[in-house]
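Per chain, numbering begins at 1; letters A, B, ... match sequence-line order.
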Amino acid sequence: MPSCPNCGRSGTLSDTASTGRGRIYSWVVAHYPFDEAQKDEVPFVIGAVDLEEGVRAFGRIWHVDLDADLSELPVVARPVPGREGRLPMLVFVPQPESSGQ
Amino acid sequence: MTAFHGRTVIAAAGCTTLTVNSGLSVLDLATRACRDAISRAGADVGEIDGISTFSMYGDSVPPESVAAALGMGELSYVMDYQSGGTMPSFLVANAAMAVFTGMARSVLVFRALNGRSGIRIGRTSQGGAALAYRHSIGYTGWPQVMAMLARRYMVETGATEECLAAVAIAQREYAALNERAIKRDLLTMDEYFASPYIAAPYRKHDCTTEVDGAHAVLVTTLDRARDLRLRPVIISGSAWTTTGYDVEGGGLHHYRDMSRNYTSHLAPRLWGSGGLSPSDVDVAELYDCFTGNVLMSLEGLGFCGRGEAGDFVKDGHTRLTGSLPVNTHGGLLSEGYVHGMNTVSEAVWQLQASAGHRQVEGARIAVVTSGSSNAGSALILTSE
């Protein structure tokens, strides 16, 4: 984004560190690998996570059951190096206090 | 009402056979569908001076190429929009504006693709500015993006997978009556649940069926259409919306409420433009690349209250004998994925009383939608 999608201003954008904490807004379980290179990774969970800072991020969700209700589950981000020269993979895991075990 | 509504029409709809391997070029398919529309209308190709289309991932041909193949003369209106299923209703409305203002006399609007034997949109990893981030997490398929909306819709409304199944099953009943449909065997609840997940909550039967083929409609003024062969289908209302667009289609970082689709945003303008309300509608042809989209659109347009669409479909209201027949051709789910152009054609044929075994008796007012997430368009079509 060259400028702010909320007001259109450019030149006022800056980086802000996120806590990485948020809640799962929605999620899907990928069974069909649309990327041939990830066919050994399915099934995996992709979540839309609303971060505490107010933005939405998409990432893999690890350490959850494939058929669990993940709605509003508190999660925290854990960057994982990408495979074969790709960008790092944004991964979310349940927040320790919410895992319940 | 907007000025062109009520004064412009679809004179005819045409198509090719839908197949899984056409053995024809996309140019050939497009030309055949356009010729079919012209022929059904009883129009003279020399009177048509506009042509428009849309494509995705470079899967089609420029409209001017099709005009050349049709032997059209000088063109006064062209349009080629590189976007997906948001376009059919909008391109018809846009063509209507062109003929109403006098920029063109008559405009062909077509969609042609070898969607099964050529470029398969549903299996293609999307391209776009922010996609590098989505590639790494494996979030690049349209079924995944649309399933993300469906899941949130289900969370907020309590809709179940049975509700999704009911859409697929109801539409297959129509496809069984439709000789053009690619999937005509009735679908049972057991078969639905036995089909594999593609991107849960979406299973195979929640997803559109890719086909090769083309559909086209001829848009002109009401006055000109009176000299043509078929009963004119009047463009009585239309609307477009884009809400919360990201840097690329399918990004949806800025589309806050994924439990609703574009129909929720355009409904007030759509009904206002036509001076009509949901209770006036005899038949609804709702863009259905995936089952959940039908439920969200039934609610977004006001045919059902929030969270009621699943029961509405399960209770048979969308069947041929129901209060609101929906996707009477079988939809993109079962007739085939001509990217929603066939959804427009079906409404035209219903209002021209030429829909054969799936004809809704006395259908005079139809609504058509085009789109699946944060952007899309819709039409209200009526017969005289």
Between B/Y153 and chain A, with a heavy-atom cut-off of 4.5 Å, which part of the residue counts as in contact: side chain, backbone, both or neither?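 Neither; nothing under 4.5 Å.
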Distance check, rounded to the nearest 0.5 Å: B/M154 atom CE versus A/S71 atom OG?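 Spacing of CE (B/M154) from OG (A/S71) equals 12.0 Å.
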Say you draw a straight line from CD1 of B/I137 to CE of A/M89; how long is it, rounded to the nearest 0.5 Å?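 If we round to the nearest 0.5 Å, B/I137:CD1 and A/M89:CE are 8.5 Å apart.
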What is the minimum heavy-atom distance between B/M148 and A/F58, and which atoms define it?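 Shortest heavy-atom separation between B/M148 and A/F58 comes out as CE-CD2, 4.1 Å.
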Please find the pair of heavy atoms, one from A/P88 and one from B/S136, that lie closest to each other, and give the distance.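 Of all heavy-atom pairs spanning A/P88 and B/S136, the closest is O-OG, 3.4 Å.
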Would you say the side chain of [Y] lies within less than 4.5 Å of the side chain of [X], judging by non-hydrogen atoms?
X: B/Q144; Y: A/I46; answer: yes
X: B/P196; Y: A/Y32; answer: no
X: A/L70; Y: B/R151; answer: no
X: A/W27; Y: B/V155; answer: yes
X: B/D257; Y: A/Y25; answer: yes
X: A/V42; Y: B/Y197; answer: no

Contact leader toward chain A among B/G138, B/A147, B/S259, where contacts are heavy-atom pairs under 4.5 Å: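 Looking at each of B/G138, B/A147, B/S259 in turn, B/G138 comes out on top.
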Within the supplied structure, the quantity of interest is the number of heavy atoms (other residues, nucleotides, ligands) at a distance under 6.0 Å from [X] [atom1]; does it exceed 12?
X: A/D40; atom1: CG; answer: yes
X: B/K204; atom1: NZ; answer: no
X: B/R120; atom1: CZ; answer: yes
X: B/Y81; atom1: OH; answer: no

Side chain, backbone, both or neither: which part of [X] has a non-hydrogen atom closer than 4.5 Å to chain B?
X: A/E72; value: side chain
X: A/P43; value: neither
X: A/D69; value: neither

Do A/Q38 side-chain atoms and B/H135 backbone N/O form a donor-acceptor pair below 3.5 Å?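 Side chain of A/Q38 to backbone of B/H135, a donor-acceptor pair under 3.5 Å: yes, one is there.
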Please confirm whether the backbone N or O of B/L252 pairs with a side-chain atom of A/R56, one donor and one acceptor, at under 3.5 Å?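 A pair under 3.5 Å: no.
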Going through the distances and angles, do B/R256 and A/D50 end up as a salt bridge (charged side-chain N to carboxylate O under 4.0 Å, His left out)? CA-CA 10 Å; B/R256 301 309 299 179; A/D50 283 344; 3.6 Å; yes
Side chain to side chain contact (heavy atoms under 4.5 Å, CB included) assessment of A/F34 paired with B/I198: CA-CA 10 Å; A/F34 289 89; B/I198 304 298; 3.9 Å; yes
